[in-house]
Amino acid sequence: MQGNKFEQLMYDVAELTPFQHKQLREKLEELKDKTDVVRFIEHEKQDPPLCPYCGAPDPIRWGQRHGAQRFRCRQCRKTFTGLTGTPLANLSHKERWFDFAKAMIEGYSVRKS
């Protein structure tokens, strides 16, 4: 997910109706395993992403970084993961993202979350 799309998602979450909050909470509850949550957030998919730097398609796999697939662009030769260019790019403790997301959905402030 591109950074601007994720930022829009975060704004949209704040405007959800109580019923939509409940649906989102139920979807997150289905993801009990922390690795499932990380996969869900990182949107791991079959197709490699576009390069976030130059937009070139078809990068090559280039190892892993903290469990996430790393890619290298064939054109600009920069490396990236599926989270590069998003607000989640440099966050640590992926296993805590699920609890953080739940707290945000329940209406807690970022500080309290």
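All values derive from a computational prediction rather than experimental measurement.
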task: Please report the closest heavy-atom contact between Phe80 and Pro49, naming both atoms and the distance.
output: CE1-CG, 3.7 Å
- prompt: In the hydrophobic cluster built from side-chain contacts under 4.5 Å, what are the other members alongside Trp62?
  reply: Ile60
task: Without swapping roles, check the side chain of Arg74 against the backbone of Asp58 for a donor-acceptor pair under 3.5 Å.
output: yes
- prompt: Got a second to check how far Glu15's CD is from His21's NE2, nearest 0.5 Å?
  reply: 10.0 Å
- request: Return the set of residues passing side-chain hydrogen bond (donor to acceptor under 3.5 Å, both in side chains) with Gln23 (not counting sequence neighbours), or none when no residue passes.
  value: none
- request: First locate atom CZ of Phe71, then atom OG1 of Thr84, and finally report the distance between them rounded to the nearest 0.5 Å.
  value: 10.0 Å
field: Under the side-chain hydrogen bond (donor to acceptor under 3.5 Å, both in side chains) test, residues paired with Arg77 that sit two or more places apart
entry: none
- request: Could you pull out the closest heavy-atom pair between Cys54 and Cys51, with the gap in Å?
  value: N-SG, 3.4 Å
query: For Gly63, does its backbone N or O pair with a side-chain atom of Gln69 as donor and acceptor, under 3.5 Å?
result: yes
